[in-house]
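Below is one structure; the comments refer to it alone.
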Amino acid sequence: MERVIALVDMDCFYVQVEQRLQPEYKGKPCAVVQYKKWKGGSIIAVGYEARACGVNRNMWGDEAKKLCPDIHFFRVPEVRGKADLTKFRDAGKEVINVLSRFSNCVERASIDEAYIDLTEEVKRRMDKRAQKELLQNTHIVGFDKEGRLEGLESWLDSVYEGDDFNNIQDKKLAVGALISEEMRAAVYEETGFRCSAGIAHNKMLAKLSCGINKPNKQTVLPYGSVQGLFSTLPVRKIRNLGGKLGESLVEELNVEFIGDLVKFPLTELQNNFGDKTGEQLMKSQWFPHHNEKSADIGEYEEF
DNA sequence: CATGGCCTGGAA
DNA sequence: TTCCAGGC
Ligand SMILES: Nc1ccn([C@H]2C[C@H](O)[C@@H](COP(=O)(O)OP(=O)(O)OP(=O)(O)O)O2)c(=O)n1
Ligand SMILES: [Mg+2]
Ligand SMILES: [Mg+2]
């Protein structure tokens, strides 16, 4: 009996926080910088209009200005020479407060994202079919080749066709997506911030799918689409494999994609990367920190 | 100085 | 407890 987990991540969060304070900059290319003296300051967040010009984090303010002459920089306030992030933290709490109404199991994962265990709420709402009209911002991994709506329709139709185990799990995701649309609408209504979400059966997959359609969209990752996705997904895209460990996996095992890991027996993974790490790799249990207040600790088989 | 500041989890 | 890896 699979859980339904949503990961909500705010879009260009610090930029949105500043734009809410100064709405005249909404819709314009913006970035947030700290310390203006050296090369125009370092950029820590970039709005989507500025990303379209090629501006990214890890760029100096002066470089960004070359790519995007109209860009507006919001400056992080400094207190005794240090950047003061208080207003962003407070804004993050506002979002958590809204999300907390939708589940008693919400896990703050960073300043701008949280995992929400929707399993219980989904159970209560399984009697109603998820309608595509209520999933206007939802994409389904593996079903969007001919367009978002076409894919959504054909997925919903096939999911509600039968009642075997996989159909039932997918129905849970569909209902989870419905709740997630409501959650994201509530966040926007009550805070003015836009966000994206991923809906899947565990935290790692929810986090992964959230990033597939950004900004202001949400993405469902059914189990049936995981193999296809993993078969071309670079190892470093999985949370916690973005650094040296991921690099060493690629080199020592001569693999490129996360799906290639299924070929290796547990003992080989453990010999190369240690007992604990090998086991985590095997189970793909690369969940971020899970704390006590979260029931979101669990295994899932395969992969 | 030249991303920086800050957070969490696991190993040492 | 401190240090390092990984991440926002
Ligand atoms: N190296 C980093 C990464 C992020 N942040 C801050 C600024 C971001 O606004 C916020 C959230 O980080 P995200 O990775 O979620 O990025 P954004 O929210 O800015 O953009 P996206 O729309 O891609 O989520 O954390 C930071 O200070 N330093
Ligand atoms: Mg974000
Ligand atoms: Mg984030």
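Keep in mind that this is a model prediction, so the values were computed, not measured. Letters A, B, ... mirror the listed sequences (proteins, then strands); counts begin at 1.
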Q: May I ask you to decide whether A:K214 forms a salt bridge with A:D11, counting only side-chain N to carboxylate O separations under 4.0 Å?
A: yes

**Q.** Listed nucleotide nearest any side-chain atom of A:N240, set B:dC6, B:dA11, C:dG6
**A.** C:dG6

Q) Expressed in angstrom and rounded to an integer, what is the separation of A:M59 atom CE from B:dG4 atom P? A) 17 Å

Q) Can you tell me how far P of B:dG5 sits from CZ of A:R57, to the nearest Å? A) 16 Å

Q. Rounded to whole angstrom units, what separation is found between the CD1 atom of A:I44 and the P atom of B:dC7?
A. 14 Å

Q: Measure the shortest side-chain to side-chain distance between A:M183 and A:I116 over non-hydrogen atoms and say whether it is less than 4.5 angstrom.
A: yes

**Q.** Shortest non-hydrogen contact between A:H201 and A:Q169, atoms and distance
**A.** CE1-O, 3.5 Å

Q | Out of C:dG6, B:dC6, B:dA2, whichever nucleotide has its closest atom nearest the side chain of A:L245 | A | C:dG6

Q: Report the hydrophobic cluster partners of A:I71, with the cluster defined as I, L, V, M, F, W, Y residues connected by side-chain heavy atoms closer than 4.5 angstrom, directly or transitively.
A: A:V33, A:I43, A:V46, A:V55, A:M59, A:L67, A:F73

**Q.** Atom-pair distance (CD1 on A:I43; P on B:dG4), nearest Å
**A.** 14 Å

Q | Nearest-Å distance for atom pair CG/P, residues A:L249 and C:dA5 | A | 16 Å

Q: Just call it for A:R89: base, sugar-phosphate, or nothing, with non-hydrogen atoms closer than 4.0 Å on any strand.
A: sugar-phosphate

**Q.** Spacing of A:R236 atom CZ relative to C:dG6 atom C1', expressed in whole Å
**A.** 16 Å

Q: Without swapping roles, check the side chain of A:T191 against the backbone of A:V187 for a donor-acceptor pair under 3.5 Å.
A: yes

Q. Just to confirm, is there a sub-4.0 Å distance from OP1 or OP2 of B:dG9 to any side-chain nitrogen or oxygen of A:K276?
A. no

Q: Grab the CG-C1' distance between A:D11 and C:dC8 for me, whole Å please.
A: 15 Å

Q. Which residues in residues 28-36 of chain A have at least one heavy atom lying under 4.0 Å from any atom of DNA chain B?
A. A:Q34, A:Y35

Q) How is A:N58 classified with respect to the nucleic acid when contacts are heavy atoms under 4.0 Å: base, sugar-phosphate, or nothing? A) base

Q) Over how many whole Å does the gap from A:W60 atom CH2 to B:dA2 atom P extend? A) 9 Å

(Q) Students often get this wrong, so: under 4.0 angstrom with heavy atoms, is A:K37 touching a base, only sugar-phosphate, or nothing? (A) nothing

Q: Quick one: name the residues clustered hydrophobically with A:W38, using the 4.5 Å side-chain heavy-atom rule over I, L, V, M, F, W, Y, and just say none if it's on its own.
A: A:W60

Q.
Check the phosphate of C:dA5 against A:K244, side-chain N and O only, distance under 4.0 Å to OP1 or OP2. Yes or no?
A. yes

Q: For residues A:R194 and A:M10, report the shortest heavy-atom separation together with the two atoms involved.
A: O-CE, 3.6 Å

